[in-house]
Amino acid sequence: MKYDNITVVAIYGNNEGMKAIPAINKTAACLPGSRKLLITNRHISSDIPQKLLAAPLDYAGYSNFCMFSLWKYIDTDYALIVQHDGWALNAENWRDEWMKYDFVGGLTHAALVNDTLITNYQWTSIKKKLVVQNGGFSLRSKAFMSSLVKNGIMPS
């Protein structure tokens with residue numbers, strides 16, 4: 001399969017975009033034909049195309065950017081978000097059926113309790129837990145990324 005409808009993207013609005021370069025390159029190598037993109041608040045020296053943010057992003061700003069603005073930076077049907085600690089390792093693990101979905105990512109709303117993964121919010125009353133979040137490695141359709149704004153939902 002050719003992956004020319006996917007942009008491998010990292011978003012680093014905290015002056016640390018250089019950290020993302022290996023993740024972008026490793027993932028794009030697993031997906032021949034995919035585009036590369038680094039979205040950052042400060043230009044860095046790299047052959048990876050970059051789009052600059054007007055200002056740095058904190059944790060909440062990153063989340064808001066992904067929910068309400070990322071779609072404007074993506075020129076393909078899908079974005080595969082990577083981070084310095086999450087990238088594709090083996091192209092043979094790719095599944096073409098993922099392209100049928102608007103969002104494919106790691107578990108969320110889960111927690112580790114004594115090294116056991118507990119899902120479906122069944123962990124909320126447990127005192128000693130490590131909450132597991134998505135972490136940013138996810139495949140998102142452009143339709144999904146733009147759906148909030150196109151349906152009139154804006155950040156408060």
Side-chain angles (χ1 to χ4, degrees), residues 1-112 117 119 129-150 153-156:
M1 176 174 179
K2 205 168 179 204
Y3 303 97
D4 56 357
N5 62 341
I6 298 173
T7 298
V8 177
V9 60
I11 304 137
Y12 276 76
N14 61 358
N15 299 325
E16 296 186 8
M18 187 60 88
K19 286 182 168 181
I21 300 301
I24 294 170
N25 285 329
K26 289 175 186 179
T27 301
C30 287
L31 304 173
S34 63
R35 297 184 190 182
K36 300 177 192 180
L37 178 62
L38 174 62
I39 300 172
T40 180
N41 64 308
R42 181 179 292 163
H43 182 79
I44 62 170
S45 179
S46 171
D47 63 344
I48 293 176
Q50 297 170 46
K51 292 187 180 180
L52 296 179
L53 299 167
L57 297 175
D58 59 10
Y59 183 81
Y62 173 89
S63 293
N64 280 332
F65 178 83
C66 287
M67 291 189 301
F68 300 105
S69 300
L70 177 59
W71 66 277
K72 294 184 261 181
Y73 291 70
I74 303 299
D75 297 327
T76 55
D77 295 333
Y78 291 87
L80 180 56
I81 298 174
V82 299
Q83 295 180 341
H84 71 277
D85 60 354
W87 61 85
L89 295 174
N90 183 344
E92 292 181 20
N93 288 326
W94 181 265
R95 301 291 174 262
D96 291 342
E97 58 265 24
W98 293 339
M99 306 304 275
K100 296 177 187 175
Y101 301 98
D102 287 312
F103 184 94
V104 178
L107 290 175
T108 190
H109 306 298
L112 287 173
L117 184 66
T119 59
K129 62 188 172 252
L130 175 63
V131 177
V132 178
Q133 297 296 317
N134 187 306
F137 184 76
S138 59
L139 178 69
R140 302 172 189 212
S141 72
K142 188 150 184 183
F144 173 80
M145 290 184 282
S146 64
S147 64
L148 292 176
V149 173
K150 289 185 176 182
I153 300 170
M154 301 301 285
S156 55

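- Salt-bridge formation is not detected for the pair Asp77/Arg140: no Lys NZ or Arg NE/NH1/NH2 atom is positioned less than 4.0 Å from an Asp or Glu carboxylate oxygen.
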| request: Take Lys36 and Thr7 through the test side-chain contact (heavy atoms from CB on, under 4.5 Å) and record every step on the way to the result. | output: CA-CA 6 Å; Lys36 300 177 192 180; Thr7 298; over 6 Å; no
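- The minimum heavy-atom distance between Lys100 and Tyr78, with the atom names listed, is N-OH, 4.5 Å.
- In this structure, the side chains of Val9 and Val82 stay at 4.5 Å or more apart for every pair of heavy atoms.
- Between Ile39 and Gln50, every side-chain heavy-atom pair lies at or beyond the 4.5 Å cut-off.
- With sequence neighbours left out, Asn64 forms a side chain to side chain donor-acceptor pair (under 3.5 Å) with no residue at all.
- Between Ile6 and Met99 the shortest side-chain heavy-atom distance falls below 4.5 Å.
- Put simply, CE on Met145 and CE on Met67 are 14.0 Å apart, with the number rounded to the nearest 0.5 Å.
- Note that CE of Met18 and CG of Leu38 are 9.0 Å apart. Values are rounded to the nearest 0.5 Å.
- Closest heavy-atom contact between Trp71 and Lys142: O-CE, 3.1 Å.
- Rounded to the nearest 0.5 Å, atoms OH (Tyr62) and CG (Asn14) are 10.5 Å apart.
- Here the side chains of Phe65 and Leu53 are in contact, with some heavy-atom distance below 4.5 Å.
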| said: Apply side-chain contact (heavy atoms from CB on, under 4.5 Å) to residues Asn25 and Ile48 and explain how you reach the verdict. | reply: CA-CA 9 Å; Asn25 285 329; Ile48 293 176; 3.6 Å; yes
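- Within a 6.0 Å radius of CZ in Phe103, more than 12 heavy atoms belonging to other residues, nucleotides or ligands are found.
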| Verdict with reasoning, Leu80 to Leu31, per side-chain contact (heavy atoms from CB on, under 4.5 Å) | CA-CA 10 Å; Leu80 180 56; Leu31 304 173; 3.6 Å; yes
| field | Residues Trp94, Asp96; criterion side-chain hydrogen bond (donor to acceptor under 3.5 Å, both in side chains); working and verdict | value | CA-CA 7 Å; Trp94 181 265; Asp96 291 342; 3.2 Å; yes
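- The side chain to side chain donor-acceptor pair (under 3.5 Å) check on Tyr12 picks up His84, with sequence neighbours excluded.
- When all heavy atoms are compared, the tightest approach of Asn5 to Lys2 is OD1-O, 4.5 Å.
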| So Asn41 and Asn15, side-chain hydrogen bond (donor to acceptor under 3.5 Å, both in side chains) or not? Walk me through it. | CA-CA 6 Å; Asn41 64 308; Asn15 299 325; 2.7 Å; yes
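- In plain terms, the two heavy atoms of Ala88 and Phe137 that are nearest each other are N-CE1, 3.7 Å.
- Under a 3.5 Å cut-off, the side chain of Thr27 and the backbone N or O of Ile24 do not form any donor-acceptor pair.
- Distance check: Tyr73 OH to Lys51 NZ gives 8.5 Å after rounding to the nearest 0.5 Å.
- Across every non-hydrogen atom of Ala111 and Lys129, the tightest pair is CB-CB, 4.3 Å.
- Between Ser141 and Tyr101, every side-chain heavy-atom pair lies at or beyond the 4.5 Å cut-off.
- Looking only at side-chain heavy atoms (C-beta outward), Arg35 and Thr76 come within less than 4.5 Å of each other.
- Side-chain contact between Cys66 and Ile11: present, with at least one pair of heavy atoms (C-beta onward) separated by less than 4.5 Å.
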| request: Kindly indicate, with the supporting measurements, whether the criterion side-chain contact (heavy atoms from CB on, under 4.5 Å) is fulfilled by Ile74 and Leu37. | output: CA-CA 9 Å; Ile74 303 299; Leu37 178 62; 4.1 Å; yes
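- Taking the side chain as every heavy atom from C-beta outward, Val149 and Met154 approach each other to under 4.5 Å.
- Closest of all the heavy-atom pairs between Trp98 and Asn93 is CH2-O, 3.4 Å.
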